[in-house]
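Structure first, commentary second.
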Amino acid sequence: MSPAGETGTSSTPPRANALAHGAIKIESTPNSRGASVVSENIGLVGVNVKKVRPWIQRDIEQVKECKPELLQKCLKAVLPVCNGQVSAGGIYSSGVETALNKYVRPGVENKFYGPFIEATNIALACLEEIKVDGMGAPVPAVDMICQQNDMPMYQNHQTVKSTRKPDVVFLPLNSACSSFDDEKGGKKGKQKSKQKDYEKDDEKRKVHMAKNAMEKPPAPLPWKDVLASIEFKRKMPGKKKGIKLLVPSSYKVKDYVPTKPEYLPVDHLKSEDPTPGPSQTPTTQPASNTALQSSGLTAAQPSKGGSSSKRKAPDTLESAAKKSKIDPDDPDADLDVTVQTGMYAAEMFAANLGVNYLLNLIVVDDVMWIWYYDRQGTIQSSGINFIQDLPRFMVLLYALQRFKLEDWGRNKNFLPVQVEGKQCHEFKIKDDNLGEVDLLLRTSHEERVTHYGLQGRATNVVPVTSDVLAKRYENIQDGMVAKIFWGEASRTSEPEILKRVEEIAKAHDTVKDHIPELLWHHTITNPTSAIREALGVPEPTTGSRVLYILVFRKLHPITKLNDTELFDVWRQCILCHLTLWKEGVYHRDISPGNLMWYRKNGQLIGVLNDYDLSSLANVVGPQGNERTGTVPFMAIELLSPSAQRGEVKHLYRHDLESFMWVFAWIFLRYRQGALLPRGLRPLDEWATLGAVACGKEKLFFLNNMEDFTPSDIDEDIWNFLVDSLLVLKMDADNRYYLRLKRSSSSRGGQQPDGEETDLDAVLSKFTSLEGWDKLSRPK
């Protein structure tokens, strides 16, 4: 994605799953399908994230596949457990066969959680006794156990609250027990007697296995403790007649036999099961106020009783007829199992900071698939028939039992701590120049900007304090923030781009003081491509990501301003952006969250922020395969199907158009620095639509602006906004007619390059407007 000259960007190869279109040249980064496109939109304060699940499905559809290669000595070592020949602390592995015989009987899905949990926990207890050279010992600090859930689990994501209901989970024993120990409602006497049984860890496990592991937890389990979720499905024949193949009387090591299907595609069960279910909401359907429940996210509001962020969920999106078929506590019940599990992965990512990867399991009848998620994508193993091929399932449990928290994907660099009763994270690392750098990340702070999704940058912005940095930068008045995100390894890093931006600032007043002040940064060089290379996944380095931590001086969002103050900051950012573009720094992600400000000598200073999707003119070669831009603010031309295939060059005018959409977005949705109530603000659906659908909505908006006229907006502001959008509309019409005239003689229908030779002339279409001049005058 490196630029070809001052005004555009050079070619970027299409993604592996992009459609071929003859010999058409790729002019920009093809827009990736899935949550990485829209995932940053949860940072758009007040926007209902109503349709997350279609984006999760698109990420799931791009799954890569690999076959497990398990060590023969591990398979041989677990055979005694499979064949009922091992006991541990009064727990006998023969119970595995008994539990599996219950599992294969006919019946509805939730009747089989218990037998599966029982077999798994018996196996875990007995596998502790098995030793294999080259394999570690069980990890007491984790002490994993299989626990029934089948109850709502909640999590807050900035202004929204999610509800999910995984069937079964793996989590540490202490966490599983605490839900029952903390139960309210008169079981204290029972818990006191139970404490005697818990004097030893093995007794604690044994008691929990017998009494509680196969029960629904009385208090919601915390997502931050979940190691993996397990989602079950029973096909119709299994419900009526049971599983066809019975439990073998004995096991031996044999070659892997592929399951049918070997890999689990999205909607596989729909094709297998003739019973109709509620259909998934299409991504192009306009969002409604009640649709939030369809993604399991509800608006968080203060509780009347003092408990944090609890409220009754709104009605679901489905019709009354469909509601009767759906568990009201499980908004994901109508989803395909692969998408359901992807939603759980999104919750697990959000629950902990800087998570490297996650594992989840899907069980359909007697076949299990392992799903691996990281910010590069998703990998699915081939299926394992855990009843007919029990040794392979045992090896999986044997390995998982020996996982430390970091082996489960937790980032060991971020240490959870409690500060003044609030959840925080400590980050300490050796710096070549500063010695040990200490960061205290205020991850429970109300100003934290979070991420919800599977793939992409997964940006979190967190208030931070640091003794070392405070001494180095004594004049920082407003505090500091840490930006934590997964950047593409092949892209020029944000610190490198900011270094060039700082050089430009020394020579240009329009840039000086109008750029973010980077105080410190660190890159954790553990690329997501490593596992793909080890597994032999095709194109393992395509889209590989590494974790960045950048500490900046704290800035204020442009949405906190109003009228002429907002216009002035917005104008300063435009002038800064123009100079940077001329000097070969292409921002390409203009959005409200990237336009900031601070005060200096009583004046408001606008800051063009966030350069992690920017590119440099002097860098040759592809610069990553992630889309550039935030969908609701991207130029209409970049939201077209051809642009999504990478056939439209990203030009200066596209970023300038984004500035205009940001201006419209803020003035139609905010008053006096505050977000308008839902129902009084338009454009919510733009943040949850796909690129092409959003482009259509914008065209409708341009042709029907009178329907969006607010009654309480400043007249000068409204007139300037209308004039600016009319400039966009007329320019787009002129280009469209020009393309029509050239289409018969152009290169196979390819769009003209549209090179811009005079950027000042492009901007002057707006600066020459009467409103620009009037709003720029000091008052």
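Computed from a predicted structure; not experimentally measured.
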Q. With sequence neighbours excluded, what pairs up with Val226 under the side chain to side chain contact (heavy atoms under 4.5 Å, CB included) test?
A. Met153, Val169, Trp223, Met348
Q.
Going by the rule side chain to side chain contact (heavy atoms under 4.5 Å, CB included), which residues pair with Pro540 if we only count those two or more places apart in sequence or in a different chain?
A. Arg532, Glu533
(Q) Within this structure, what is the NE2-CZ distance for the pair His451 and Phe349, rounded to the nearest 0.5 Å? (A) 9.0 Å
Q. With under 30° as parallel and over 60° as perpendicular, where do the rings of Phe427 and Phe414 fit, or are they tilted in between?
A. tilted
Q: Check side chain to side chain contact (heavy atoms under 4.5 Å, CB included) between Val546 and all other residues, then give those that pass, not counting sequence neighbours.
A: Ala489, Thr523, Pro527, Tyr548
(Q) For the backbone of Val132 and the side chain of Tyr398, can you confirm whether one donor and one acceptor N or O come within less than 3.5 Å of each other? (A) yes
Q.
Return the OG to OH distance between Ser162 and Tyr154, rounded to the nearest 0.5 Å.
A. 10.0 Å
(Q) Tell me whether Ser381 contacts the main-chain N or O of Ile370 through its side chain, where contact means a donor paired with an acceptor under 3.5 Å. (A) yes
Q. Do Arg545 side-chain atoms and Gln376 backbone N/O form a donor-acceptor pair below 3.5 Å?
A. no
Q. Going from CG on Leu498 to CD on Glu517, what distance comes out if it is rounded to the nearest 0.5 angstrom?
A. 11.5 Å
Q.
Check for me whether Lys483 meets the cation-pi criterion with Phe552, that is, NZ or CZ under 6.0 Å from the six-membered ring centre and within 45 degrees of the ring axis.
A. no
Q. Is the backbone of Ser175 close enough, under 3.5 Å, to the side chain of Ser178 for a donor and an acceptor to pair up by distance?
A. yes
(Q) Has Asn121 got a side-chain atom pairing as donor or acceptor with Cys146's backbone, closer than 3.5 angstrom? (A) yes
Q. Are Arg553 and Tyr473 in a cation-pi setup, meaning NZ or CZ lies under 6.0 angstrom from the ring centre and within 45 degrees of the ring axis?
A. no
Q. Out of curiosity, Asn526 CG to Ile524 CD1, how far, rounded to the nearest 0.5 Å?
A. 8.5 Å
Q. Between CZ of Phe403 and CG of Leu400, what distance do you get to the nearest 0.5 Å?
A. 5.0 Å
Q: Using the six-membered ring wherever Trp is involved, compare the ring planes of Trp597 and His556 and label them parallel, tilted or perpendicular (cut-offs 30° and 60°).
A: tilted
Q) Any side-chain donor-acceptor pair under 3.5 Å between Thr630 and Asp589? A) yes
**Q.** Matching residue for Arg500 among Glu496, Glu502, Glu503 - test: salt bridge (Lys or Arg N to Asp or Glu O under 4.0 Å)
**A.** Glu503
Q. Is there a side chain to side chain contact (heavy atoms under 4.5 Å, CB included) between Leu171 and Gln147 once you walk through the steps?
A. CA-CA 7 Å; Leu171 74 170; Gln147 171 68 50; 3.5 Å; yes
Q. Which distance, rounded to the nearest 0.5 Å, do you find between the CE of Met144 and the CG of Leu173?
A. 11.0 Å
